[in-house]
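Shown next, in structure tokens, is the structure this report addresses.
All of these numbers come straight from a predicted model, not from anything done at the bench. Heavy-atom basis, side chains included; hydrogens, waters and symmetry copies ignored. One-based numbering, in listed order, for ligands and for the atoms of each.
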Amino acid sequence: MSAIWHPFTQHGLGEPIPLVTHAEGAALFTADGRRIIDGISSWWVTTHGHGHPRIVAAIAAQAQRLDQIIFAGWTHEPAETLAAGLRAIIPEPLTRVFFSDSGSTSVEVALKMALGFWANRGAPRQRILVLEHSYHGDTIGAMSVGARGVFNQAYAPLLFDVGTIPFPMAGGEQATLDALEAACRAQPAAFIVEPLVLGAGGMLIYPAWVLTEMHAICARHGVLFIADEVMTAWGRTGTLLACEQAGVVPDILCLSKGLTGGAMPLAVTMAREEIYAAHLSTDRARMFFHSSSYTANPIACAAANANLAIWREEPVLAQIADLAARQAGHLAALAALPGVTGARAIGTITALDIAGNAQGYLSALWPQLLAFFRERDLLIRPLGNTVYVMPPYCIDEGDLALVYAGIGAAIEMAQG
Ligand SMILES: *Cc1c(COP(=O)(O)O)cnc(C)c1O
């Protein structure tokens, strides 16, 4: 009996927990000899596929050279190369790169930068605006700016109060923009948003023009605009950053998940020069008070540098466009099935909702779906009744067809 307490797992239900021994491309291999197709990029991180040779080689070489070094007051070549590499591909106004080690911490850092900015300018602001159904991570600060529900009810008294802007449902976009405009008049510190698609909230997609307008409203009112691209970046939505599709450059940008191609934990929060400048002083009380032990770990940075080299030298965007086109065909076939609603897609992500009486996070259908996919050697983890596909970009047509055939069978099972 394992001593491990798994994340987001109800051990009392006794669901089997497969032991994975190795992985390659879009395939995972288990100790009991099964080959599992990774339909969700191992929870949205594995962009180019498991064990990409260039990333693996970079990790091995760096591990032999320099494993770890304090990052307060010290630096190293992989971090310098990564910061320069990010500056070269991320919009130019985002001049500063702050390292951390997960999406949640990149969000905490972004929030602290925003509050530090206002405090150091002598005009303190604390209120944060968020979009309804958002997810930004599981630490207390990140949960505070995310949707409230059963998954954070026990901690609710510790979560800080935020201003929630309604999600821009089709036809309701103007209501979202009006609510944001009204909330911005009260001079909040920042608005944090997942660009174009809300991931954990149910793969909820909204149009690029709404993102453009939301950014314009914040800019007009001097409210800092934080883009949480932890899931959406690195080609997930069809472009390097989702913000690109809206012509938006945020004031603060959070990146993690695909930053290392999904091989190592690493995150960055990038900021405009004014935000850095607000902390720049000879006064130590104005420095940015944040660190974690593994900030800019050299091995993780080396993996990220290999990811950037892949983006520079390999036809990643063409591979993404090809995957998106192939998925569109599969999705259209499923969308025609009885019991399917809300078929939607953006970039390499597709999603649909399966009709059922209990919707939402504790949907009765969810454990059945999870078991159904596991028994068919598919790693697919629905969000309530929402089934989505977010594969590694290297997935071949045979495996992709198996993923969609599995979902088709699950839809049929749910109706019967
Ligand atoms: C996954 C995710 C996070 C949290 O990242 P972790 O690395 O799991 O802490 C934050 N924001 C978004 C949009 C995410 O999808």
| note | Under 4.0 Å from one or more heavy atoms of M231, ligand 1 contributes atoms 15 (O)
| For ligand 1, which atoms, with element, lie under 4.0 Å from some heavy atom of S102? | 7 (O), 9 (O)
| field | Short side-chain donor-acceptor distance under 3.5 Å, S292 and D101 | value | yes
| field | Ligand-residue contact atoms, ligand 1 with S104, heavy atoms, under 4.0 Å | value | 4 (C), 5 (O), 6 (P), 9 (O)
| With a 4.0 Å cut-off on heavy atoms, does E229 reach ligand 1? | no
| note | Min over R236, E108, H136 of heavy-atom distance to atom 10 (C) of ligand 1 lands on H136
| said: Hydrogens and angles aside, do T105 and E108 bring a side-chain donor and acceptor to less than 3.5 Å of each other? | reply: no
| query | What are the atoms of ligand 1, with element, lying closer than 4.0 Å to any heavy atom of W44? | reply | 15 (O)
Distance-only criterion, 3.5 Å: show the donor-acceptor pairs between side-chain atoms of residues 149-168 and protein atoms not counting sequence neighbours.
| unit_1 | atom_1 | unit_2 | atom_2 | d |
| --- | --- | --- | --- | --- |
| N152 | OD1 | G149 | N | 3.0 |
| N152 | ND2 | A147 | O | 3.0 |

| said: For V97, give me all partners under side chain to side chain contact (heavy atoms under 4.5 Å, CB included), at least two apart in sequence or on another chain. | reply: A83, L86, F99, V268, M270
| Regarding H330 and E397, is there a side-chain donor-to-acceptor distance under 3.5 Å anywhere? | yes
| field | Test item: side-chain donor near acceptor, E194 and T232, under 3.5 Å | value | no
| note | The atoms of ligand 1 lying under 4.0 Å from a heavy atom of G103, numbered in the order shown, are 4 (C), 5 (O), 6 (P), 7 (O), 9 (O)
| message | Looking only at side-chain N and O atoms, does W234 offer a donor or acceptor that is under 3.5 Å from a partner on Y393? | response | no
| task | Considering heavy atoms of the protein only, find what lies nearest to atom 1 (C) of ligand 1 and give residue, atom and distance to 0.1 Å. | result | K257 NZ, 1.6 Å
| said: Need the ligand 1 atom indices (1-based, order shown) with element for anything under 4.0 Å from a heavy-atom of D228. | reply: 10 (C), 11 (N), 12 (C), 13 (C)
